[in-house]
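Here's the structure, in structure tokens; my notes come after.
Note on naming: letters A, B, ... go to the chains in the order of the sequence lines (proteins, then strands), and numbering restarts at 1 for each one. Basis for what follows: all heavy atoms, side chains included, without hydrogens, waters or symmetry-related copies. In this text the structure is predicted, and so the values were computed from the model without any measurement.
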Amino acid sequence: MLNLRETIDRQVSLALGDLLSAEEAPLALCSLSRPGFLDYTLSLPMKLARTRHQAPVVIADELQPAVAGMACAGLAEAVAPGYINIQLSDTFVADQLSSMLGTDPAMLLQKAGNSQKIEVEFVSANPTGPLHVGNGRGAALGSVLATLLETQGYDVDREYYVNDYGSKMKFFTESIAHYLFPMMGLEHAMPEEGYHGAYVSDLAQAIFDRKGSELRSLLEEQRLAAIEEDGKSLVLASIRQALEEMGVSFDTWFSERYLIENGWNDRVLQQFRDRGVVYEKDDAVWLRSTDFGDDKDRVLVRRDGEPTYTLTDAAYHFNKFHRGYVKSIDVFGADHIGHILPMQALMKSLGLPDGFLEVIIYQIVHFLRGGQRVVLSKQTGEIIELADLVREVGKDQARVFFLLSSADSELEFDLEVAKRNSLDNPAYYLKYTYARLCSVERQSRGIGAVVPSVASPVDVSRLTTAEDRELLKCLLKAQDEVDDAARTRQPHRILYLASELAKSVNAFYQKEKVIQEDADLAQARMLLVLASQRLLQAYAHVLGVTLPESM
RNA sequence: GGGCCCAUAGCUCAGCUGGAUAGAGCAACGGAUUUCUAAUCCGUCGGUCGCAGGUUCAAAUCCUGCUGGGCUCGCCA
């Protein structure tokens, strides 16, 4: 689809070229009108009033003829206090809508792009246990953002960073060993910071069943290594499955251990040394990150010679850069808020391009049942694993509910509302609306009516009611809004666009008969129905939800 | 104490190139159906956009300072 704002702005700047100075020209930007004021609006006259020492209405009157002459404009009005309102021409509108019918909905919002490689890293929970319900928000945001960026023509990879190295992993392994060793007549103490969930003993049992005898013959160190390997792969399998059930998949599962075993830590440390940004103190190697905006210097290599997470994180992003990504967008929960400053300092100290790393932080999720907040824990007997949540409310409902507010805001997720099959459930509302649109199409074809197609000209001048025009605007602004959502990295806006479209569709449907005697009007309305149907499907594609053709 | 996020209708939240009358869902109340699926739609009620300054022709939106809430400040990851 065309980004109409860009299209109109181009025509405006062409039409007003001689009437505006070089300083004034950039101010000529249109926006969608509010209901009752045609389709698009220029507030340019008010912006010019001061410097031109003229009343806005006078300027509006002066510019109006040129605007009215634009190819895409059917009508242009200069109105007080100083706007020029534009109604798109019928042929222009008809072209836009018809072109929507000839495009695969999955490609409808697709812009020709530069094919730059962008990586979206999200979820990336430690492989030391199953995903928690809270991880669902990151999964939804990250996966929708990735698809959203694809509409902009980027070559997007979805990546999960597997933190399979370091102390957390060690505690995880020893926790399993604590349960597993007794099965072999041995003992292993539960570490202080060990993992206690029931899943740990389940893992121990599973590993024992698989290779208990083999383990017995190994030395202690090899034994632990084998347990770690098996524990990790079992947990990752469960994580992968939970995500798949939520409709989330990854192109890459990137191992932290890989970085270390393949010299990336050494390589990035050398990079730091070459850039002269490290020093030694207290037998540790430090990064002078305060030179790059950090609030304190960071240890890269601990006194015991082990790399810190900071060093490995630097290596990880250095590696991303060398894999050819122009940008890495990392989606983290609010508990990682303190990591942004040091991470950005890392990027700077490595000499990576400004803006290479973007971090999206999402705030916490509160879960409710029937309006009452619930604490999800083993103690309360409530679900705690993401997989259980998805099974309880369903994939599409889970995705939609995790997108109900902006990542910057905290989110309330009502489990009862999410699984209810009623219209106050936004996921259900979208499905219902799509089914309704499909039903109208079926009925129309069923009675042998002429249904608009890409090639057939349709007289959209027949679309004159408030409901017609509002639905029309929802369709025309789609690409503008999607582009904005992608640019500002706000996947939730796609859900709001879809909901708004659905609302306009239902208001239109209720008020205006589509199938009727007046064949021209029927066809014009059918064009709206079909375009809406495709657009709703296009939004659903970005959101990763499935819409049924009938319910 | 420092950093980041939030504060908009009774509740949950949208509102992002600063523009005309601040929107939706839920809740409450009242209407519209021999239906192109009423599983819907419409209307009413409801807002000093946390407070105070500032910039601007114009501020929920930008800037500053407060207040309240959340997250976070390790040679863990």
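- Residue A/S444 is classed as having no contact, given no heavy-atom separation below 4.0 Å to the nucleic acid.
- Atom C1' of nucleotide B/C11 and atom CD of A/Q372 are separated by 12 Å, given to the nearest angstrom.
- Dashed line: the shortest gap from a side-chain N or O of A/Y362 to OP1 or OP2 of B/C4 is not under 4.0 Å.
- Atom-to-atom, CG of A/L311 to P of B/C76 comes out at 13 Å; the value is rounded to the nearest Å.
- The side chain of A/W286 sits closest to B/C75 out of B/A39, B/A32, B/C75.
- Rounded to whole angstrom, the span from the CD atom of A/E481 across to the P atom of B/C16 amounts to 9 Å.
- Using cut-offs of 30° and 60° on the angle between ring planes, the pair A/H336 and A/H339 is perpendicular.
- Nucleic acid contact for A/Q490: base, since at least one base atom lies under 4.0 Å from a heavy atom of the residue.
- Residues from residues 333-341 of chain A placing a heavy atom under 4.0 Å of any atom in RNA chain B, listed by number, are A/A334, A/D335, A/I337, A/G338, A/H339.
- For B/A14, there is no paired nucleotide, since no Watson-Crick or G-U wobble pair has both relevant distances below 3.5 Å.
- Remark: B/U56 base-pairs with no nucleotide in the shown strands. Criterion, Watson-Crick or G-U wobble with two distances under 3.5 Å.
- Contact annotation for A/Y509: base contact, defined as any heavy-atom pair under 4.0 Å involving a base atom.
- At whole-Å resolution of the value, NE2 in A/H492 and P in B/U12 are 17 Å apart.
- Applying the salt bridge (Lys or Arg N to Asp or Glu O under 4.0 Å) definition to pairs two or more places apart or across chains, those involving residues 358-370 of chain A are A/K327-A/E358, A/E358-A/R489, A/R369-A/E382, A/R369-A/E392, A/R369-A/E416.
- With sequence neighbours excluded, the residues that form a side chain to side chain contact (heavy atoms under 4.5 Å, CB included) with A/A334 are A/I361, A/Q363.
- Residue A/N506 is in sugar-phosphate contact alone, with no base atom involved, counting any heavy-atom pair closer than 4.0 Å across all strands shown.
- Residue-level contact check: A/N425 touches neither bases nor backbone, having no heavy atom under 4.0 Å from any strand.
- Residue contacts for A/R5: at a heavy-atom cut-off of 4.0 Å it reaches a base atom on one of the strands shown.
- For A/L29, taking side-chain heavy atoms from C-beta onward, the closest of the listed nucleotides B/U17, B/A77, B/C57 is B/U17.
- Summarising the geometry, the separation between CE on A/M551 and P on B/A39 is reported as 12 Å, rounded to the nearest angstrom.
- Here the CG-CG distance, from A/L476 to A/N3, works out to 11.5 Å after rounding to the nearest 0.5 Å.
- Within the shown strands, B/G65 is the pairing partner of B/C51 under the Watson-Crick or G-U definition, both distances less than 3.5 Å.
- Among the atoms of the strands shown, none is found under 4.0 Å from any heavy atom of A/D304.
- In the set B/A20, B/G70, B/C41, B/C41 carries the atom at the smallest distance from any side-chain atom of A/Q510.
- Remark: A/T41 is not in phosphate contact with B/A20, judged by side-chain N or O atoms under 4.0 Å from OP1 or OP2.
- A/V417 meets the side chain to side chain contact (heavy atoms under 4.5 Å, CB included) test with A/F401, A/D414, A/R420; sequence neighbours excluded.
- When heavy atoms are screened at a 4.0 angstrom cut-off, A/A485 is found touching no nucleic acid atom at all.
- Between B/C16 and B/U61, the distance separating the two C1' atoms is 8 Å to the nearest Å.
- Comparing the same atom, P, in B/G54 and in B/U17 gives a spacing of 25 Å after rounding to whole Å.
- Distance from the side chain of A/R493 is smallest for B/C16 among the nucleotides B/C13, B/C16, B/A77.
- In this view, A/R50 satisfies the side chain to side chain contact (heavy atoms under 4.5 Å, CB included) rule with no residue, not counting sequence neighbours.
- In terms of position on RNA chain B, the residue among A/E441 and A/I84 whose nearest nucleotide sits closer to the 5' end is A/I84.
- Regarding contacts with the backbone of B/A20, a side-chain N or O of A/R34 is found under 4.0 angstrom from either OP1 or OP2.
- Backbone-only contact: A/Y165 has heavy atoms under 4.0 Å from sugar-phosphate atoms and none from a base.
- Pair assignment for B/G1 gives B/C73, based on Watson-Crick or G-U wobble hydrogen-bonding distances that are each under 3.5 Å.
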### Task
Apply ring pair (Phe, Tyr, Trp, His ring centres under 6.0 Å) to A/Y316 and A/Y161, showing your working.
CA-CA 9 Å; A/Y316 181 36; A/Y161 184 41; 3.8 Å; yes
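- Spacing between atom CG of A/L497 and atom P of B/G23 amounts to 18 Å, rounded to whole angstrom units.
- As rounded to the nearest Å, B/G43 and B/G53 have C1' atoms that lie 41 Å from one another.
- Of the candidate nucleotides B/U12, B/C6, B/A77, B/C6 has the atom nearest to the side chain of A/S409.
- Considering OG of A/S33 and CG of A/L42, their distance stands at 9.0 Å, rounded to 0.5 Å.
- For A/K503, a side-chain nitrogen or oxygen approaches OP1 or OP2 of B/G25 to under 4.0 Å.
- For B/A58, neither phosphate oxygen OP1 nor OP2 lies less than 4.0 angstrom from any side-chain nitrogen or oxygen of A/R50.
- In this structure, A/T310 reaches neither bases nor backbone, as no heavy-atom distance under 4.0 Å exists between it and the strands shown.
- At the heavy-atom level, A/A49 lies nowhere under 4.0 Å from the strands shown.
- By the side chain to side chain contact (heavy atoms under 4.5 Å, CB included) test, A/D61 is found to be paired with A/A78, residues two or more places apart in sequence or in another chain being considered.
- When heavy atoms are screened at a 4.0 angstrom cut-off, A/K511 is found touching no nucleic acid atom at all.
- Atom pair A/L404:CG and B/A14:C1' shows a separation of 11 Å (rounding to whole Å applied).
- Counting only heavy atoms from C-beta on, A/K168 has its side chain closest to B/C76 among B/C75, B/C76, B/G70.
- The phosphate of B/C76 has OP1 or OP2 within less than 4.0 Å of a side-chain N or O from A/R302.
- Here A/S499 lies out of heavy-atom contact (under 4.0 Å) with every strand.
- Here A/L536 contributes atom CG and A/S499 contributes atom OG; the two are 9.0 Å apart, rounded to the nearest 0.5 Å.
- Using a 4.0 Å heavy-atom distance criterion, A/T488 is classed as a base contact.
- Here, B/A9 and B/U67 have their C1' atoms 22 Å apart, quoted to the whole Å.
- Two residues, A/S43 and A/Y432, neighbour RNA chain B, and the one matched to the more 5' nucleotide by heavy-atom proximity is A/S43.
- Around CG of A/D354, the count of heavy atoms belonging to other residues, nucleotides or ligands within 6.0 Å does not exceed 12.
- Here the separation of B/C51 from B/G31, taken at their P atoms, is 38 Å to the nearest Å.
- Judged by Watson-Crick or G-U wobble contacts below 3.5 Å, the nucleotide B/U44 has B/A28 as its partner.
- Between the P atom of B/C13 and the CG atom of A/L403 lies a distance of 15 Å, rounded to the nearest Å.
- No more than 12 heavy atoms of other residues, nucleotides or ligands lie within 6.0 Å of CD in A/E549, so this atom counts as exposed by the packing criterion.
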